[in-house]
Q: 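Once you've had a glance at the structure underneath, I'll fire off some questions.
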Protein chains: 2
Amino acid sequence: MATLKDVAREAGLSVGTVSRVLNNRGYISEETRQRVSAAMEQLHYQPNAMARSLSKRSSSMIGVIVPSISHPYFAKVLSCLESAAHEENYQLLLFCSQGKVSREEEYVRVCSSNRVAGLVLCSGSVKTGKLRNFGFPVVAFERHLNEADAGVECNNYEGGELAARELIRAGCRKLMCISGIGEVSMPADVRREGFLDVCRTHPEVEVQEFFCSPEHLEDLNYFPELKRFLDEDPDADGIFAGSDMIGIQLMSELGRRGRRVPQDVRIVGYDDVNLAQMTNPQLTTIRQPVEEMARECIRIIVKAAGGQSIPSRTMFPVSLERRGSTELADCIIK
Amino acid sequence: MATLKDVAREAGLSVGTVSRVLNNRGYISEETRQRVSAAMEQLHYQPNAMARSLSKRSSSMIGVIVPSISHPYFAKVLSCLESAAHEENYQLLLFCSQGKVSREEEYVRVCSSNRVAGLVLCSGSVKTGKLRNFGFPVVAFERHLNEADAGVECNNYEGGELAARELIRAGCRKLMCISGIGEVSMPADVRREGFLDVCRTHPEVEVQEFFCSPEHLEDLNYFPELKRFLDEDPDADGIFAGSDMIGIQLMSELGRRGRRVPQDVRIVGYDDVNLAQMTNPQLTTIRQPVEEMARECIRIIVKAAGGQSIPSRTMFPVSLERRGSTELADCIIK
DNA sequence: TTATATGTGTTAAGCGATTGACACAAAATG
DNA sequence: CATTTTGTGTCAATCGCTTAACACATATAA
């Protein structure tokens, strides 16, 4: 492949000058610019990103670690991150931890090896001291910060509140709250708190709590657990699902049991993945502004790369997307 | 960050020796190995992948271009690719073309800039001459080869045949064939051919063809088109959906119209994304062995990186996954 | 007419590794 | 004892690009 030197020779210029053109430094005449780009064209020159990164001591790559790629929520996050990164001329180095801490740690090392400009951590939580001083910022996406340098999250407490109010508004009295993740200090925890706090102000409603184990982030199969929950509490009339995936599977299972949504039981999901609009009825859900959140992550990393200081915590609002699973009227017209 | 030099100093060895340990070249005593790894530990040394790549003139990164990340099919492909790449100690550089050729071409250039070990192209098709001689192999995933160096695909013709036979077996006589992509020389084309060829051998069945426009790969919303199709041909009793996403939305829309699946109309999807098992009824579909296909892609690139020659075309078999959307009996028991 | 701004070239060091040539031990083998 | 194998060190070049220092033009402004 052609190198800078070749381009310089072809253009009849020195390497220094060509490099100046590429990096827009110092004074360059229009004519020189033309000659350089002509030569680059001629030779199909592609600057060697490795060499550049080596020189600059940092690359234009951003690491991303997700627990699962095929989970629609993370697929959406990934998609938004890619789009935001592209706008800033960064590339994504993708890693899937499958929820395993050992893989997470390995991937953090690989990121460090590759001198990424930053790391977006959507997965678990590497423990104390493992993250600091890697020379690049670590941004936690919808995770508790632990050792990250910054956190981007949405208002999960408010999300829980919205869900509870929606079910109560629709007339539900016997509620179920199914949390996606059982571990402590996860976003799902805060959602549950918001939900339960609202319920407590309504003495007429009654709530049962259930927990799905976190390993289902990968296989996405919540059916066995959901069946158990529904067996245990068969006549709930309103269910808050900790994620849309739980909500969708819940509707499918309820259908199999002959319970109609929303006539017999109403469901509120969480995340607003695009699948939530592809079920019948469509799933009412708490929407996270994932696009904005992803953009913020990238912006933080770009800022840090530019030597600027970064906000340690950014919180985004959520909103209720009312659809057919809580409102009969919404079932009719699409 | 610590460099090789630092490690050498810390271990009381020379740079050459340490490099030998890292790359397992020449003779090294056990004691030296110990001292090196102790020093690396001490200094939290992470070899600089940029420097290494520059020296070796190739990196351990593999580029992947998909048209959409949030599409469950590509999310699955991506997930399998990541897993396979990890096994071979490669990393994934992720790009989303959104179906735009201009972005594809840009991304191919970025890959070239980054001296990737290879590129897996799951998206569209960069035209003549744009791909050859980049210095790394381009593997087309479920795409026609055009200018790629290798292709990995599954037997789409057989998939179409299987779908037709399944619907006919179930007693359907008035079929619809909805192709996901209208363009020529796409895998969906071959699927349709297989489907139609089988239908032709059954004079008692009648088929209507429909085409969805390819832009829905990104937004995933096929509803408007599907509604039109169903309006046009409201009494079909068997539908072959060109992809599971089409199949799922079809079932949702049919539900809204009061048509029962599988009693009134039977559906066969394509791909077997995990969502196909989360609907009610579950979706019968043609399964692609995506895991194996992804592994093959990575293997091809690793082979090429090792200087070996690579197969220009690899085809995998598909299989029918019979579920509730074509078989009433399968609706009852999960 | 000085100064200052603008445009270009040369040179050399550095980024952090890899790699090969060569030298020189000590240990194992014949 | 001579030879081969094993283990380590030194040195220098290379990968392709960035960047600073310095020199030398010409053009423009004060």
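Below, chain A is the first sequence line, B the second, and so on; all start at residue 1. FYI, side chains are in, hydrogens and waters are out, and symmetry mates aren't considered; it's all heavy atoms of this structure.
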Q: May I have the distance from Arg115(B) (atom CZ) to dA17(C) (atom C1'), rounded to whole angstrom?
A: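 It works out to 17 Å between those atoms.
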Q: Among the candidates dT19(D), dC17(D), dT18(C), find the nucleotide nearest to the side-chain atoms of Lys56(A).
A: dT19(D)
Q: On DNA chain D, check which nucleotide each of Val15(B) and Leu54(B) is closest to and give me the residue with the more 5' one.
A: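 By nearest-heavy-atom nucleotide position, the 5'-most residue is Val15(B).
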Q: What is the distance, rounded to the nearest whole Å, between atom CG of Asn48(A) and atom P of dT18(D)?
A: 10 Å
Q: Rounding to a whole Å, what distance do you find between Arg57(B):CZ and dC15(D):C1'?
A: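 Roughly 5 Å, once rounded to whole Å.
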Q: Tell me which of Ser19(A) and Ser14(B) sits closer to the 5' end of DNA chain D, going by the nucleotide each one is nearest to.
A: Ser14(B)
Q: Taking donor-acceptor contacts at under 3.5 Å, does the side chain of Arg20(B) reach the base of dG9(D)?
A: yes
Q: Which nucleotide wins on minimum distance to the side chain of Thr3(B), given the candidates dA20(D), dA17(C), dT8(C)?
A: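 Of the candidates, dA17(C) comes closest.
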Q: Is a donor-acceptor pair below 3.5 Å formed from side chain Thr17(A) to base dG7(C), judging by atom type as modelled?
A: no
Q: Between atom CD1 in Ile28(A) and atom P in dT26(D), what is the gap in whole Å?
A: 20 Å
Q: Taking only the side-chain nitrogens and oxygens of Tyr27(B), find out if one of them lies under 4.0 Å from OP1 or OP2 of dT6(D).
A: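 True: Tyr27(B) side-chain N/O within range (under 4.0 Å) of dT6(D) OP1/OP2.
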Q: Quickly work out the Lys5(B) NZ to dT18(C) P distance and round it to whole Å.
A: 15 Å
Q: We want to know whether Gln91(A) and Tyr107(B) form a side-chain donor-acceptor pair, criterion being a heavy-atom distance below 3.5 angstrom.
A: no
Q: Taking CD from Glu31(B) and C1' from dA26(C), how many angstroms apart are they, rounded to a whole number?
A: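 From Glu31(B) CD to dA26(C) C1': 14 Å.
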Q: Checking side chain to side chain contact (heavy atoms under 4.5 Å, CB included) against Phe141(A), which of Ile65(A), Val66(A), Val77(A) comes through?
A: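 The passing option is Val77(A).
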Q: Looking across every strand, which nucleic acid part, if any, lies under 4.0 Å from Ser53(B) by heavy atom: base, sugar-phosphate, or nothing?
A: nothing
Q: Answer yes if the side chains of Tyr73(A) and Gln288(A) hold a donor-acceptor pair under 3.5 Å, and no otherwise.
A: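 Yes, side-chain donor-acceptor contact under 3.5 Å.
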Q: Consider only side-chain N and O atoms of Ser97(B) and Ser123(B), and report whether a donor and an acceptor are under 3.5 Å apart.
A: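 Yes, because at least one side-chain N or O of Ser97(B) sits under 3.5 Å from a partner of the opposite role on Ser123(B).
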Q: Does atom CZ (Arg313(B)) have a neighbourhood of more than 12 heavy atoms from anything else shown, all under 6.0 Å?
A: no
Q: Should Ser29(A) be listed as having a side-chain N or O under 4.0 Å from OP1 or OP2 of dT8(C)?
A: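 Checking dT8(C) against Ser29(A), a side-chain N or O does come within under 4.0 Å of OP1 or OP2.
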Q: For Glu30(B) and dG7(D), give me the distance from atom CD to atom C1', rounded to whole Å.
A: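 The answer, rounded to whole Å, is 13 Å.
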Q: Heavy atoms from C-beta onward define the side chain here; which of dG9(C), dG16(C), dC17(D) lies closest to that of Leu13(A)?
A: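 Looking only at heavy atoms from C-beta outward on Leu13(A), the closest nucleotide is dG9(C).
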Q: Can you figure out which of dT8(C), dT19(D), dT8(D) approaches the side chain of Arg25(A) most closely?
A: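 Looking only at side-chain atoms, Arg25(A) lies closest to dT19(D).
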Q: Would you indicate what Leu22(B) reaches in the nucleic acid, counting non-hydrogen atoms under 4.0 angstrom: base, sugar-phosphate, or nothing?
A: nothing
Q: Compare the minimum distances between each of dT8(C), dG16(C), dT18(D) and the side chain of Asn23(A), then state the nucleotide with the smallest one.
A: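 So the side chain of Asn23(A) is nearest to dT18(D).
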Q: In whole angstroms, how far is the C1' atom of dT19(D) from the CZ atom of Arg52(A)?
A: 13 Å
Q: Please check if the number of heavy atoms outside Glu106(A) that lie under 6.0 Å from its CD is greater than 12.
A: yes
